[in-house]
Amino acid sequence: MPYNTEPSRRRFGPVKAALMPAVAALLAVTGACVQDDAAGEAIFTPEIIGTNALPLSENEAVALLANERIACVVDSYETQARCVDVEGAVVGVFGQKGEGPGEFDSPANLARGEQGTVGVHDPGLGRFTVFEPSGAYVSEVLAPQLDVPFRSFGTVVSGVEADIMIMLGVETSGSLMTRYDVNLATGAVVREEASPEGPWDVACGEVTWGIPDRAGGWVFLACEGHLIFVGDTGDPTVLRAPTYLAELPDERDVARFEEMLISLNMAHDRPASESVDENLEDYRATPKKYFLSTTDQLVDAANRYWVATQRDTHEWSYLDVYENAEYVGSVRVRDRLRGFDLLGSTLVVLVERQVGADDADGIPDRALDWYDIGELGLGR
């Protein structure tokens with residue numbers, strides 16, 4: 001199986017001066033759409049090539065399948081997976097609540113199979129199930145070690161598990177993350193590898209999540225817009241994202257957070273409004289994280305690191321791209337980004353549309369937008 005370390009799924013500042021001439025030269029050749037903001041940041045705006053309307057769901061996972069023409073999402077309210085193609089057609093809708101073959105308890109993450117299949121990760125059952133995009137059941141394996149699977153799989157499904165004590169801030173020794181490779185046929189763990197240990201020079205102190213890259217290194221998300229790139233020799237590069245500003249949540253963010261709090265209360269048989277007001281007050285006063293979620297990041301085929309950010313997310317959203325621990329630029333996509341996947345020259349983005357004046361229910365519509373990034377010189 002080809003080595004694949006892409007994980008599955010959740011303001012303007014100066015670009016590194018040394019990279020700008022190379023970016024400009026590339027774009028002069030390709031004719032891709034790019035602009036520089038007042039501070040010199042490269043913003044790539046790729047061409048949209050398709051869109052799919054999607055039903056409402058609380059799940060924001062998306063997987064682009066191996067032929068780059070089909071993508072799959074999760075319908076949380078129906079406990080189903082849905083696969084669609086770039087032309088707008090529904091390819092398959094499958095799954096239901098249950099514990100039998102092809103059924104789900106809480107489908108959370110998706111991954112693409114090298115043979116055109118799709119894998120559904122269900123942490124509630126500790127199970128990874130493989131389907132054809134039409135919905136035909138292929139196989140399943142117990143893989144409770146995988147908190148988050150990588151974006152693709154072959155005969156082995158790989159993923160990472162976090163040390164929950166470290167994530168909660170409890171003083172303990174050891175690595176934040178562990179990578180596991182699980183044989184898809186037998187469920188045997190064929191590889192277990194701990195991430196590099198710090199401490200690293202991050203003033204705010206908190207390291208949130210990490211993923212391996214394709215060259216034997218790791219990338220970690222940290223507090224206040226910091227990223228930590230650790231090479232295969234263990235040497236770290238700590239930088240603060242040049243696009244990060246400490247933005248406070250807007251009312252749309254607050255509304256989403258309130259919905260989450262109410263859902264959590266109801267899931268734990270507590271009164272729906274319990275502690276909601278106090279938590280909302282703290283949330284309003286706390287700057288948003290740089291990254292959208294710990295699962296909305298990946299390493300592409302050229303070992304570039306992509307991360308979905310919380311910058312703006314109104315009419316436009318932004319994916320920041322890094323290469324060799326250097327910021328390259330930002331890919332701008334329309335509407336409010338909620339999840340993404342990338343393969344070859346195709347980028348798929350799960351979004352919420354802006355609520356229009358004629359939208360009677362006032363609930364943002366969900367859609368999957370397809371972009372061609374071939375002319376940007378990114379991907380592949």
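One is the number of the first residue; the rest follow in order along the sequence. The model shown is predicted, which means the values in this text are computed figures rather than measured ones.
- Here E315 pairs with nothing under the salt bridge (charged side-chain N to carboxylate O under 4.0 Å, His left out) rule; sequence neighbours left out.
- Partners of N265 under the side chain to side chain donor-acceptor pair (under 3.5 Å) rule, at least two apart in sequence or in another chain, are R270.
- The shortest side-chain heavy-atom distance between L227 and Y322 falls under the 4.5 Å cut-off.
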Original post:
Are L350 and L54 close enough, and set up right, to give a side-chain contact (heavy atoms from CB on, under 4.5 Å), and what steps lead you there?
Top reply: CA-CA 9 Å; L350 179 63; L54 298 175; 3.2 Å; yes
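- For C223, the side-chain contact (heavy atoms from CB on, under 4.5 Å) partners at least two apart in sequence or on another chain are V202, C204, E206.
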Subject >> Worked verdict on L342 versus W306 for side-chain contact (heavy atoms from CB on, under 4.5 Å) >> reply: CA-CA 9 Å; L342 167 69; W306 294 64; 3.4 Å; yes
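- Residue-environment remark: CD (E281) stays at or below the threshold of 12 foreign heavy atoms within 6.0 Å.
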Subject >> Chi angles and distances behind the side-chain contact (heavy atoms from CB on, under 4.5 Å) call for R366, V351 >> reply: CA-CA 6 Å; R366 283 167 51 97; V351 297; over 6 Å; no
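- Remark: E78 pairs with no residue by the side chain to side chain donor-acceptor pair (under 3.5 Å) rule, at least two apart or across chains.
- Classification of the F104-F131 ring pair by plane angle, with boundaries at 30° and 60°, yields perpendicular.
- For F153 and F128, the ring centers are positioned less than 6.0 Å apart.
- Applying the disulfide bond (SG atoms under 2.5 Å apart) test to residues at least two apart or on different chains, none of the pairs has a partner in residues 258-336.
- Under the 4.0 Å criterion applied to side-chain N and carboxylate O atoms, R82 and D75 are assigned as salt-bridge partners.
- Following chains of ILVMFWY side-chain contacts shorter than 4.5 Å, one cannot reach L125 starting from V189, and the two form parts of different hydrophobic clusters.
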Subject >> Residue pair D320, R311: steps toward the side-chain contact (heavy atoms from CB on, under 4.5 Å) verdict >> reply: CA-CA 10 Å; D320 286 355; R311 163 179 156 196; 4.1 Å; yes
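- A salt bridge links R112 with D341: the closest approach of a Lys/Arg side-chain nitrogen to an acidic carboxylate oxygen falls below 4.0 angstrom.
- For the pair V118/V130, no side-chain contact is recorded, criterion being any heavy-atom separation below 4.5 Å from C-beta on.
- Among L337, T309, V331, the single residue meeting the side-chain contact (heavy atoms from CB on, under 4.5 Å) criterion with Y318 is T309.
- Considering only residues two or more places apart in sequence or on other chains, E259 meets the salt bridge (charged side-chain N to carboxylate O under 4.0 Å, His left out) condition with none of them.
- For D250, the side chain to side chain donor-acceptor pair (under 3.5 Å) criterion is met by H314, not counting sequence neighbours.
- The neighbour count for N324 CG, taken as heavy atoms of other residues, nucleotides or ligands under 6.0 Å away, does not exceed 12.
- Grouped with L264 in one hydrophobic cluster are V254, F257, M260, L261, I262, M266, V276, L280, Y283, the linkage being side-chain heavy-atom contacts under 4.5 Å among Ile, Leu, Val, Met, Phe, Trp and Tyr residues.
- A salt bridge links R179 with D181: the distance from a Lys NZ or Arg NE/NH1/NH2 to an Asp or Glu carboxylate oxygen falls below 4.0 Å.
- With sequence neighbours excluded, the residues that form a salt bridge (charged side-chain N to carboxylate O under 4.0 Å, His left out) with E352 are R252, R256, R336.
- The side chain to side chain donor-acceptor pair (under 3.5 Å) check on D235 picks up T233, with sequence neighbours excluded.
- With sequence neighbours left out, the salt bridge (charged side-chain N to carboxylate O under 4.0 Å, His left out) criterion links D369 to R334, R353.
- For residues 56-119, every residue pair satisfying the disulfide bond (SG atoms under 2.5 Å apart) rule, not counting sequence neighbours, is listed here: C72-C83.
- More than 12 heavy atoms of other residues, nucleotides or ligands shown are found within 6.0 angstrom of CG on D282.
- A donor and an acceptor atom, one from each side chain of E161 and Q145, are nowhere located under 3.5 Å apart.
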